[in-house]
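Heads up: the structure comes next, in structure tokens.
As the structure is a computational prediction, the values presented were derived from the model and not from experiment. Excluded from the calculations below are hydrogen atoms, water molecules and symmetry mates; all remaining heavy atoms, backbone and side chain alike, are included.
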Amino acid sequence: MLWAAKNKNWLYKLVKTNGKWAPDPSWSATGKQIRFAGGLGQPDSEGLTVGGNGHIYVTSERDNANNTVPKDTIMEFDPAATGSTLTPVHQWDMTSQFPQLNTGSKDDANLGFEGVGYVPDSWLTANGWVDPLTGAAYNRANYPLHGSGLYFAGLEWDGTLHVYGLNSDGTFTTFGTISTGKASVMDVMFDAGTQRIVATCDNTCGETHTFMKVNASGTIVPDVTYTNPAVMPIDNLEGFAIAPTSTCVNGLREAVWTDDGIYGFGSGTSSYGHALYSGTFPC
């Protein structure tokens, strides 16, 4: 099963059908619309992750109903909620942290939160991550409302990751900024198989996936960078996911990319006829 966001406020649950990913009709054959808190607006939904509670956390850069103004938010949705439109269980607004995006330009407003990845507390503590707020080893007990992990939001503007504890009372804790070493970031995920945070950049960086670790000093840093298979197009490939090691067959597991339109190929949309690309990654 695979969750996917479409950046005009849609969420999809996908399953394998005849060897291809397709919407799960038991959830919604056409996807479900998502709204901001209160059922308002049109989130520019760019990235998502599954939290420790099984809920879907979606980033938005702006409200597409007012697309010259940034609205860098993370929204929590309960996938078990009924109906064709989902509203957030919680919503956290970090827009004020990024004044450089609030210029009145829709291009700048579109350079905010492009992806988000849930990173378990267990990984942070086991690897000796130093909490930037205390200067000591991260202790999850210091943040009793945040759940079981932190959320790493990728800022397209400059390729940085912004680390948050998302609290159950609607507040959030900001743990600071991490450099990916790339000019931009389009997606973020945590891969339990390699025990790495993965920051993806599209053609802006030559189609790269930077795997990040905690170093001996307790800082999260780039470890190794992979590029896409040569057979894939070099364009706006803005989503990336790797299947868990439990799915391994003959030493390989599935990797999936999404595109945001294959520009320069005639139509401005995916002239390859699909929006998902499937390959493999070593177990």
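- Nearest heavy atoms, Pro222 versus Gly181: CG-N, 4.4 Å.
- A donor and an acceptor atom, one from each side chain of Thr258 and Glu238, are nowhere located under 3.5 Å apart.
- Using a 4.5 Å cut-off on side-chain heavy atoms (C-beta onward), Thr85 and Ile34 make no contact.
- Pairing each heavy atom of Pro70 with each of Asn102, the nearest pair is CD-OD1, 3.5 Å.
- The backbone N or O of Asp108 sits nowhere less than 3.5 Å from a side-chain atom of Trp157 that would complete a donor-acceptor pair.
- Within the 3.5 Å criterion, the main-chain N or O of Gly83 finds a donor-acceptor partner in the side chain of Lys32.
- Taking the side chain as every heavy atom from C-beta outward, Asn110 and Glu46 approach each other to under 4.5 Å.
- Ring centers of Phe172 and Tyr164: under 6.0 Å apart, within the cut-off.
- Side-chain contact between Thr208 and Tyr226: absent, with no pair of heavy atoms (C-beta onward) separated by less than 4.5 Å.
- A donor and an acceptor atom, one from each side chain of Asp259 and Asn236, are nowhere located under 3.5 Å apart.
- Hydrophobic cluster of Phe175: the remaining members, joined at side-chain heavy-atom separations below 4.5 Å, are Val119, Trp123, Leu124, Trp129, Leu133, Tyr138, Tyr143, Leu150, Phe152, Leu161, Val163, Ile178, Val185, Val188, Phe190, Ile197, Met212, Val214, Ile220, listed by chain and number.
- The closest side-chain donor-acceptor pair between Asn53 and Glu76 falls under 3.5 angstrom.
- Other residues, nucleotides and ligands contribute over 12 non-hydrogen atoms within 6.0 Å of the CG atom of Asp169.
- Put simply, the side chain of Phe77 does not reach to within 4.5 Å of the side chain of Val89, judged on heavy atoms.
- When side chains are defined from C-beta on, Ser60 counts as touching Met75, because their heavy atoms get closer than 4.5 Å.
- Comment: Asp63 does not engage Lys71 in a salt bridge, judged by the lack of any side-chain N to carboxylate O separation of less than 4.0 angstrom.
- The closest side-chain heavy-atom distance from Met186 to Thr204 is below 4.5 Å.
- Within 6.0 Å of the NZ atom in Lys16, the count of heavy atoms belonging to other residues, nucleotides or ligands exceeds 12.
- Residues satisfying the salt bridge (Lys or Arg N to Asp or Glu O under 4.0 Å) test with Asp187, not counting sequence neighbours, are none.
- Between Asp191 and Arg253 there is a salt bridge, since a side-chain N of the basic residue sits under 4.0 Å from a carboxylate O of the acidic one.
- Ring centroids of Tyr57 and Tyr118 are separated by 6.0 Å or more, keeping the two rings apart.
- In summary, the side chains of Glu254 and Thr247 do not present any donor paired with an acceptor at a separation below 3.5 Å, with no hydrogens or angles considered.
- Side chain to side chain, Ser28 and Tyr12 fail the donor-acceptor criterion of an N or O pair below 3.5 Å.
- Considering CZ of Phe211 and CG of Asp223, their distance stands at 9.5 Å, rounded to 0.5 Å.
- In this pair, Phe98 and His162 present their aromatic rings perpendicular. The plane angle is above 60°, beyond the 30 to 60° band.
- Looking at Glu207 and Leu237, their side chains come closer than 4.5 Å, going by heavy atoms from C-beta outward.
- Put simply, the side chain of Thr103 gets close to the backbone of Ser105: a donor and an acceptor are under 3.5 Å apart.
- Hydrophobic clustering of Ile, Leu, Val, Met, Phe, Trp and Tyr side chains at less than 4.5 Å, counting indirect connections, keeps Val256 apart from Met1.
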